Enquirer: 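Provided herewith is a single structure, encoded as structure tokens, for subsequent inquiry.
One-based numbering, in listed order, for ligands and for the atoms of each. Positions are given from 1 along the sequence. This is a predicted model, so every value here is computed, not measured.
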Amino acid sequence: MATVFALANQKGGVGKTTTSVNLAAALAAQRQQVLLIDLDPQGNATSGSGVDKYELPQSIYHVLLGELAAQEAIQPKVPGGFDLIPANGDLTAAEVQLLDMAGKEFRLRDALAPLLAQYDYILIDCPPSLNMLTVNALAAATDVIVPIQCEYYALEGLSALLGTIEDIQASVNPELKIGGLLRTMFDPRNSLSNDVSTQLLTHFGEQVYRTIIPRNVRLAEAPSYGESIISYDRKSRGALSYLALAGEILRQSKAKRSA
Ligand code: ATP
Ligand code: MG
């Protein structure tokens, strides 16, 4: 059964999409069967995976509205070695249309149910908001990964997100866990980076991934070539950090299975 990770933080530009695409590729490089779902109308995970978001025959939009089975929306084996259900601006309309639908929180969870057996990991890239799309992701997920940019105001908004996660646990998804808080764009020369990191460890301890994602320009370059960092520059610090994160997640999964 797949572990389903929602990558969520309503703060914009913290590394959700960068983590979604590169963690998907890093897990695939470890011979895991991985599905990445783009759940953001910006479609950044789609273009970052090398798929043209302006030329989509079908997308997660059609799946959420029940017009298409999730299986039919999969683009198999994109260049990063994982499968993708893409998204584009059409998804903005779904966010509104969902509000009038029965079981609106469960559209994604129910659509993904038939796919759980065929993947080791399903990653859901959320939009920068706590809207109905993010609620669908949190209802479908087993675990949330919260990327946190190690910079100014990093912790602002975190309590709103943790509150939403608690609400979801109390209502639609009691099994939901925090997979981990992930420090991104870390710059060891910047004292603020170190302060944020220390604060996170003090407040959240074991819930913080040991792996730290450094600020690395290669990570910012890769999406414009539609490539993951693993193929764009496998020896870069960015690639090594996402491979390390995949390793940490695989070890966690293994420990959980044998517990
Ligand atoms: P949004 O909230 O808009 O969806 P996001 O949380 O998905 O944003 P990203 O798109 O992953 O954030 O990252 C924001 C910007 O920072 C992008 O230009 C990305 O290339 C860059 N970036 C992300 N992580 C790193 C990193 N570790 N080093 C350098 N640049 C990074
Ligand atoms: Mg994004």
Enquirer: Around the Mg ion (ligand 2), list the protein N/O/S atoms within a radius below 2.8 Å, excluding water molecules.
Expert: Thr17 OG1
Enquirer: Transitively linked via ILVMFWY side-chain contacts under 4.5 Å: Leu84 with Leu115?
Expert: no
Enquirer: In chain order, what residues pass the side chain to side chain contact (heavy atoms under 4.5 Å, CB included) check against Val196, with sequence neighbours excluded?
Expert: Cys150, Ala154, Leu200
Enquirer: Answer yes or no: is there a donor N or O on one side and an acceptor on the other, between the side chain of Asn173 and the main chain of Leu138, under 3.5 Å?
Expert: yes
Enquirer: Measuring from Leu35:CG to Asp83:CG, what's the distance to the nearest 0.5 Å?
Expert: 6.0 Å
Enquirer: If Ile, Leu, Val, Met, Phe, Trp and Tyr residues are connected whenever their side-chain heavy atoms lie under 4.5 Å apart, and connections chain through other members, are Ile37 and Leu116 in the same group?
Expert: yes
Enquirer: Just to be sure I understand the cut-off, which residues have at least one non-hydrogen atom under 4.0 angstrom from an atom of ligand 1?
Expert: Lys11, Gly12, Gly13, Val14, Gly15, Lys16, Thr17, Thr18, Asp40, Gln42, Pro128, Met185, Ile213, Pro214, Arg215, Asn216, Leu219, Ala220
Enquirer: Please list all pairs meeting ring pair (Phe, Tyr, Trp, His ring centres under 6.0 Å) that have one or both residues in residues 224-244, counting only residues at least two apart or in different chains.
Expert: Tyr225-Tyr232
Enquirer: Count I, L, V, M, F, W, Y as connected when their side-chain heavy atoms are under 4.5 Å apart, and connections chain through other members. Are Val21 and Met185 then in the same cluster?
Expert: no
Enquirer: Transitively linked via ILVMFWY side-chain contacts under 4.5 Å: Leu39 with Leu7?
Expert: no
Enquirer: Would you check if the side chain of Gln32 reaches a backbone N or O of Asp120 as a donor-acceptor pair within less than 3.5 Å?
Expert: no
